[in-house]
Amino acid sequence: MGKYQQDVQTLLDKIGGKVNIQAVSHCMTRMRFVLVDPKKADEKEIEKIPSVKGTFTQAGQYQVIIGNDVANFYQEFTKFAGIEGVSKDAVKSAAKTNQNPLQRIMGALGEIFAPIIPALICGGLVLGFRNIIGEVDLLNGRTQSLADVSQFWAGMYSFLWLIGEAIFHFLPVGITWSITKKMGTTQILGIVLGLTLISPQLLNGFSVATTPASEIPVWDFGFAQVQMIGYQGQVVAAIMAGFVLVYLEKFFKKICPEVVSMVVVPFCALVPAVLIAHTVVGPIGWKIGDFIANIVNMGLASNFKLVFAALFGLFYAPIVMTGLHHMTNAIDSQLVNTYGGTNLWPMIALSNIAQGSAVLAMSFLQKRNERAQQVNIPACISCYLGVTEPALFGVNLKYGFPLVCGMIGSACGAVISIGTGVTAISIGVGGLPGILSIFPEYWLNFLLAMAAAIIVPFVLTYIVGSRKLSREDRVLEPSPSVVETAAPTAVEAPAASSPIVLKAICDGCTLPLSEVPDDVFSKGIMGEGLAFEPTGDTIYAPADAKVSVVMEDSRHACGLQLADGTELLIHIGVDTVDMKGDGFTLFVHEGDMVKAGDKLITFSPDKIAAAGHPKTTAFIVTEPAGHTNMTFHTGIEAKHGETIAAELA
């Protein structure tokens with residue numbers, strides 16, 4: 001009998017049986033299913049399985065969080081179910097069959113913007129700070145700004161524009177690079193194409209509207225003239241140009257002999273792409289972008305703007321659940337570059353806050369349900385910081401009424417926001433800190449909208465939940481433990497655990513686990529811990545231990561078991577499983593015994609960055625083995641083998 005036989009049988013039954021599984025794979029912590037009919041999965045019953053730490057759906061995949069021992073669980077599951085596992089790429093490919101064409105388009109758009117969003121958020125905060133010190137008259141009877149009375153702040157005001165211009169004026173470079181990265185073509189060609197769209201030889205795109213047509217420079221080809229117009233800040237034009245380059249490069253790679261492809265393909269792809277960008281898709285994309293921005297702006301400025309705001313606020317959270325919300329990034333960017341600000345983004349931030357407030361009410365209602373609190377509290381925090389998926393899929397959609405209550409609160413906040421003219425400088429942090437991206441003259445109005453987005457969902461959820469939640473949902477009865485049939489090993493936990501000191505696993509700054517951009521870790525589903533932002537390229541053992549699990553194919557993570565049964569997980573980077581081991585080297589294998597300071601894994605920071613992944617490394621205590629008092633030292637510069645990262649008592 002296998003260790004997880006009962007859990008495996010239950011999971012197979014509650015997931016809809018073998019006939020409902022289209023594909024299955026696993027990563028370091030979770031099972032990844034593509035289901036024929038996702039509605040057949042009984043999430044409530046699946047989450048009651050002792051081995052299961054949580055579930056969520058993402059990009060067409062139904063993911064079941066198991067933990068360090070997921071490889072053994074996966075082997076037992078596939079053997080019992082009589083199905084073969086497939087590669088993660090195959091699972092991703094199969095997952096697309098669960099999406100309609102519009103979802104696939106929006107998903108692709110989201111993947112294009114995902115690497116760019118951190119820069120947009122940073123730019124919004126920078127411009128917000130710049131606006132405060134140079135545009136808001138706070139001093140001398142509200143007649144002068146900080147920059148007017150201080151040379152330091154005047155210099156800072158001028159300096160910060162360097163960052164703002166780089167992010168927003170040169171946005172096409174980021175877009176064309178991201179498209180080539182997603183589509184698997186030559187990224188440097190995407191960068192070059194983007195640079196040709198914002199070259200200083202061209203008339204700045206922001207100056208076109210105020211420049212007479214007769215003064216716009218042209219390229220004169222004798223039989224035709226092409227206006228030398230830059231596409232600074234343009235989104236749609238850059239997206240169209242990027243895809244032209246991608247498909248030209250793919251076409252010439254197919255027909256060009258391998259021996260000369262390095263010379264011929266870049267030339268034949270880039271030169272026509274630049275020409276088409278400036279003569280065809282650039283002007284068309286400009287018109288499309290302006291049309292979309294004008295339509296949205298009309299809705300936000302018309303006599304029906306409050307109705308528009310109420311509907312947007314009400315339905316934005318369900319839109320997020322379909323993946324269609326990625327389009328708003330392009331619309332926001334276009335609004336900023338066309339009108340100098342956006343009324344749309346503040347409503348998005350308010351929707352995030354409203355869903356977080358619904359989860360906060362659930363946390364109060366389920367304060368005696370320890371298992372629910374493990375999801376509620378991290379989901380609420382991440383939602384208030386702008387990441388809504390854990391709250392939407394992990395809590396609100398699961399119970400239904402918190403989602404609706406959050407939607408109502410979001411609509412109330414949106415009406416107040418639009419009704420009082422709240423405008424953002426740019427996309428910002430989509431939660432409580434989002435106020436920093438709002439023009440300061442609208443701060444009070446935005447605070448009022450935020451109050452509605454916090455109070456209304458909380459009160460509604462608490463009232464409805466007091467009547468609808470069962471005792472089982474509010475007070476979780478103890479669950480049976482996993483049946484162990486394997487023979488005890490030398491590292492099984494004794495009755496009482498001694499204090500343990502864990503040293504830093506690498507050089508670098510330590511961070512709170514909540515800052516890891518991966519919901520499974522940041523929500524604390526896998527356990528407590530901390531994260532490292534490595535400055536080196538090597539991971540070392542934090543204590544004497546047995547290597548309990550390693551990912552031999554991807555080589556990006558490993559599990560350790562200490563002498564008292566405490567289990568640790570080290571996971572290098574976010575989504576680095578997609579790199580298939582490229583850039584990682586394992587120095588240990590499952591079953592090895594290691595000493596504190598022994599080398600476990602080396603990795604290439606450059607390859608991780610080139611693949612578009614953060615190198616933030618999670619260090620989790622997945623099984624505390626009786627340690628009830630755990631201290632994690634964050635916000636310090638750590639040295640591997642010397643700095644104490646955690647203390648378990």
Side-chain angles (χ1 to χ4, degrees), residues 296-297 299-322 324-325 328 331-332 341-365 376 379-389 391-392 395-397 399-424 427-439 441-468:
V296 174
N297 191 63
L300 295 172
S302 69
N303 294 331
F304 301 99
K305 63 183 180 182
L306 297 184
V307 176
F308 181 94
L311 291 174
F312 185 89
L314 186 67
F315 292 110
Y316 182 74
I319 288 172
V320 170
M321 291 156 57
T322 67
L324 301 181
H325 66 296
T328 61
I331 295 173
D332 267 318
T342 172
N343 303 109
L344 190 67
W345 182 84
M347 294 193 291
I348 293 173
L350 292 168
S351 176
N352 296 348
I353 293 168
Q355 292 298 324
S357 299
V359 179
L360 182 63
M362 290 296 293
S363 183
F364 275 83
L365 290 166
N376 290 343
C380 178
I381 294 172
S382 67
C383 211
Y384 277 155
L385 294 177
V387 180
T388 56
E389 282 79 1
L392 288 174
V395 183
N396 294 352
L397 181 61
Y399 294 99
F401 67 88
L403 174 65
V404 176
C405 295
M407 291 164 60
I408 295 171
S410 171
C412 294
V415 168
I416 295 172
S417 178
I418 294 300
T420 57
V422 174
T423 307
I427 297 172
V429 180
L432 295 176
I435 193 171
L436 298 176
S437 296
I438 304 296
F439 282 105
E441 57 264 37
Y442 297 112
W443 278 3
L444 189 58
N445 299 340
F446 190 66
L447 285 171
L448 183 62
M450 284 173 64
I454 293 172
I455 296 171
V456 172
F458 182 89
V459 172
L460 289 178
T461 303
Y462 195 87
I463 292 174
V464 176
S466 298
R467 299 179 179 181
K468 291 198 63 155

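- Looking at S357 and Y384, their side chains come closer than 4.5 Å, going by heavy atoms from C-beta outward.
- For the atom pair CG of N376 and CG of N396, the computed distance is 9.0 Å after rounding to the nearest 0.5 Å.
- Nearest heavy atoms, L350 versus A453: O-CB, 3.7 Å.
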Applying side-chain contact (heavy atoms from CB on, under 4.5 Å) to F401 and L460, what does each step give before you reach the verdict? CA-CA 9 Å; F401 67 88; L460 289 178; over 6 Å; no

| said: Determine whether M347 and Y316 satisfy the following criterion, side-chain contact (heavy atoms from CB on, under 4.5 Å), listing intermediate values before the conclusion. | reply: CA-CA 9 Å; M347 294 193 291; Y316 182 74; over 6 Å; no

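- Closest heavy-atom contact between N445 and I416: O-CG2, 4.2 Å.
- Atom CZ of F446 sits about 10.0 Å away from atom OG1 of T420, to the nearest 0.5 Å.
- To the nearest 0.5 Å, atom CZ of residue F364 and atom SG of residue C380 are 9.0 Å apart.
- Contact between W345 and S437 at its shortest, heavy atoms only, is CZ3-CB, 4.3 Å.
- Distance check, rounded to the nearest 0.5 Å: OG1 of T423 to CZ of F439 gives 7.0 Å.
- Using cut-offs of 30° and 60° for the angle between ring planes, the F308 and F312 rings count as parallel.
- Closest heavy-atom contact between A449 and S417: CB-N, 4.1 Å.
- Taking T461 as the reference, nothing meets the side chain to side chain donor-acceptor pair (under 3.5 Å) condition, with sequence neighbours excluded.
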**Request:** Begin from the C-alpha positions of L360 and I454 and carry the test side-chain contact (heavy atoms from CB on, under 4.5 Å) through to its verdict.
**Result:** CA-CA 9 Å; L360 182 63; I454 293 172; 5.7 Å; no

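- Evaluation of the side chain to side chain donor-acceptor pair (under 3.5 Å) test over residues 300-311, restricted to residues two or more places apart or in two chains, returns none.
- Contact record, I408 with L314: N-CD1, 4.1 Å, taken as the closest heavy-atom pair.
- Here the closest heavy-atom approach between residue G406 and residue P457 is recorded as CA-CB, 3.9 Å.
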